[in-house]
K.L.:
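Starting off with a structure, shown below.
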Amino acid sequence: MCSILGCCGPVRDWAAFQTGFDRTLSRGPDESRMLEVGGGALAFHRLAIMGLTESGMQPFRLGRDALVCNGEIYGFEKLREELEAKGYAFHSGSDCEVLLPLYREQGTAMFRQLDAEFALILYDGERDEFIAARDPIGIRPLYYGYDPAGTILFASEPKNLLGLCEKILPFPPGCYYQGGKFHTYRDVTQVEQVRRDGVDTACRQIREKLTAGVEKRLVSDAQVGFLLSGGLDSSLVCAIAARKSQTPIRTFAIGMEKDAIDLKYARQAAEFIGSDHTEVYMTREQVLRSLEEVIALLGTFDITTIRASLGMYLVCRYIHQHTDIRVLLTGEISDELFGYKYTDFAPSPEAFQRESEKRVRELHMYDVLRADRCISVNSLEARVPFGDLDFVEYVLSLDPSLKRNTTGKGKYLLRRAFSQGDYLPEEILWREKAAFSDAVGHSMVDDLKEYAETRYTQEEFLSGCEKYQHARPFTKESLLYRDIFEKYYPGQGEMIAGFWMPNRDWAGCDVNDPSARVLANYGDSGK
């Protein structure tokens, strides 16, 4: 991960600008640089992943143009060769150095062509204008706001803009900003034509495209590691990577000290694929002690995101403190494509598809946000193979009747796609889904609820909820999280659309807690 900050006009207060910039130093602890350009400023904190020498430091310059980018450009080697053939010279091994020459050749049309996870701010010297853009899923974070003079600023995290902008909002994924407007260049949720592939064809395509998505994310000049929960998604990522690696991959799992569900499955998967595996344990005291810190680093009040972040933050902190790993592959984005436990209740294939599209559009506020912040605050980079654009677009385009749970086993297509070839033990491949916040140990969520109960009387709870018009809290736990959020991000609640919850319009999903444990079909998920 890296951190970017850009002011697209005169910086009113350089001290405040520097203070805001330094709030995300952990995203890029290797080197920092600030550049005055075009009457504004671009700033960059670097975490060196590709092109580890100082020549890969940003902002990059090309004539009067300048750019800062937090990104991973897949297949940049081919782009670089093509650009060199046109006379461009390169001075580093950084993948992001191809972006300015590519912009010279293609303009904003380049965003649609990129196979990348990125957030960037670019100054076009010829047009004397700033442009910003974000990848189609929003895997790399970007926020914006306006200073009192009306100048727009862009930053990796909302905390960069606190004190500089009155209102902070997420930059919409799949868009670029130019000329005072946001323009959509790629909406992965817009399915132009439904694919009628049969089950065998669909499974082959899923296996091949996910394998390609993992393989391209293994390319790094820095050490790579893997988060392994023991669930289907992270286990598949690790199993594919283990086949592509000439040495044992390093995997990490975390669970509560007394009732970790996932650790035994993670251990089983690790033994099967032959990884160098590490188990990390956490306690009730650690969870409660870390709660406020985690909410502050996340910049959210969402219940599910916070619960799931506690274990992820602590295991990433362990990796940062005890290893030289800098890149982590994770299993996010599978649920949004293949279904959650609650989408078993979808009343029709069309309803399943609409829900999937909605969840992908909102990923940048929930699971993707969680992965980015928990990993980046520990000076690591997140890579998400299930977020590969070719993979996402293919799965979203599949006939939803194939993806809907009609077999009694969620994510059937994904499981079947890897059922041949000894990727995983049968017990892992066909294991029931358990949410990460539950699977680290049911006691963790129970502890959080109990703690919240001690913080408010019933009268304080009712009056406390009335303070908020947007995304009003509805339990003591949700009020606690919102109050802590407001302490660090006062008045910025609209950055998050609301609480992630099952679709209450569906029979069986009108519940008051986001955990799958409250659903009638939870079954053996927690065993």
Side-chain angles (χ1 to χ4, degrees), residues 1-4 24 26-31 45-53 56-58 69-77 92-96 115-119 135 137 139-141 156 210-229 233-254 270 273 275-278 280 312-313 315-333 367-388:
M1 291 299 177
C2 299
S3 179
I4 61 175
T24 52
S26 63
R27 296 186 70 92
D30 294 337
E31 191 176 358
H45 289 310
R46 185 188 189 200
L47 178 69
I49 301 295
M50 298 297 295
L52 303 183
T53 65
M57 181 58 185
Q58 302 182 36
C69 178
N70 169 26
E72 195 64 43
I73 315 301
Y74 300 112
F76 78 95
E77 299 91 346
S92 77
S94 171
D95 53 319
C96 292
D115 180 10
E117 301 153 1
F118 70 93
D135 69 71
I137 294 176
I139 290 176
R140 295 301 169 97
S156 287
L210 183 58
T211 299
V214 172
E215 191 168 10
K216 71 177 70 169
R217 284 162 178 80
L218 297 177
V219 179
S220 172
D221 292 334
Q223 291 282 340
V224 177
F226 300 80
L227 296 184
L228 175 59
S229 71
D233 308 326
S234 65
S235 296
L236 279 177
V237 169
C238 292
I240 295 167
R243 292 189 170 208
K244 300 295 180 181
S245 177
Q246 296 183 358
T247 58
I249 64 171
R250 296 194 65 181
T251 55
F252 299 85
I254 190 167
I273 65 175
S275 70
D276 178 1
H277 188 59
T278 300
V280 180
M312 194 172 205
Y313 165 71
V315 71
C316 290
R317 188 178 70 178
Y318 175 92
I319 293 168
H320 173 67
Q321 292 175 344
H322 295 89
T323 78
D324 56 0
I325 286 170
R326 287 207 159 194
V327 177
L328 284 176
L329 270 67
T330 74
E332 275 76 25
I333 310 184
D367 274 13
V368 162
L369 180 150
R370 165 175 57 84
D372 174 83
R373 302 302 193 279
C374 291
I375 292 174
S376 68
V377 78
N378 288 293
S379 300
L380 304 165
E381 175 174 290
R383 294 187 182 175
V384 191
F386 280 99
D388 187 79

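The structure presented is a predicted model; accordingly, all values stated were derived computationally and were not measured.
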K.L.:
Atom CZ in Arg250, atom CG in Leu328: separation rounded to 0.5 Å?
P.N.:
10.5 Å
K.L.:
Any salt bridge linking Asp221 with Arg326? Criterion: basic side-chain nitrogen under 4.0 Å from a carboxylate oxygen.
P.N.:
no
K.L.:
Under the salt bridge (charged side-chain N to carboxylate O under 4.0 Å, His left out) rule, collect the residues that match up with Asp95, sequence neighbours excluded.
P.N.:
none
K.L.:
Once rounded to the nearest 0.5 Å, what's the spacing between atom CG of Leu47 and atom OG of Ser26?
P.N.:
9.5 Å
K.L.:
What is the minimum heavy-atom distance between Asp388 and Asp115, and which atoms define it?
P.N.:
OD1-OD1, 4.2 Å
K.L.:
Using only atom types and a distance under 3.5 Å, with no angle test, would you say the side chain of Thr323 pairs donor to acceptor with the backbone of Ile319?
P.N.:
yes
K.L.:
Spell out, as yes or no, whether a donor-acceptor pair under 3.5 Å connects the side chain of Arg383 to the backbone of Arg217.
P.N.:
yes
K.L.:
Using side-chain heavy atoms (C-beta onward) and a distance below 4.5 Å, is Met312 in contact with Thr330?
P.N.:
yes
K.L.:
For the pair Ser234 (side chain) and Ser229 (backbone), establish whether a donor and an acceptor sit closer than 3.5 Å, ignoring hydrogens and angles.
P.N.:
yes
K.L.:
Any side-chain heavy atom of Asn378 within less than 4.5 Å of one from Tyr318?
P.N.:
no
K.L.:
For Pro141 versus Asn70, what's the shortest heavy-atom pair and its separation?
P.N.:
CD-ND2, 3.9 Å
K.L.:
As an exercise, state the distance from CD1 of Ile325 to OG of Ser379, rounded to the nearest 0.5 Å.
P.N.:
14.0 Å
K.L.:
Report yes or no: does Asp30 contribute a side-chain atom to a donor-acceptor pair with the main-chain N or O of Ala48 at less than 3.5 Å?
P.N.:
yes
K.L.:
Where is the tightest heavy-atom contact between Ala119 and Ile4, given as atom of each residue plus distance?
P.N.:
O-CD1, 3.4 Å
K.L.:
Can you confirm whether Glu215 sits close enough to Lys244 that some side-chain heavy atom of one is under 4.5 Å from a side-chain heavy atom of the other?
P.N.:
yes
K.L.:
Heavy atoms only: give me the nearest Glu72-Arg140 pair and the separation to one decimal.
P.N.:
CB-NH2, 3.8 Å
K.L.:
If I take atom SG from residue Cys96 and atom CZ from residue Phe76, how far apart are they, to the nearest 0.5 angstrom?
P.N.:
9.0 Å
K.L.:
Nearest 0.5 Å, what's the OG-CE distance between Ser92 and Met50?
P.N.:
10.0 Å
K.L.:
Has Gln58 got a side-chain atom pairing as donor or acceptor with Cys69's backbone, closer than 3.5 angstrom?
P.N.:
yes
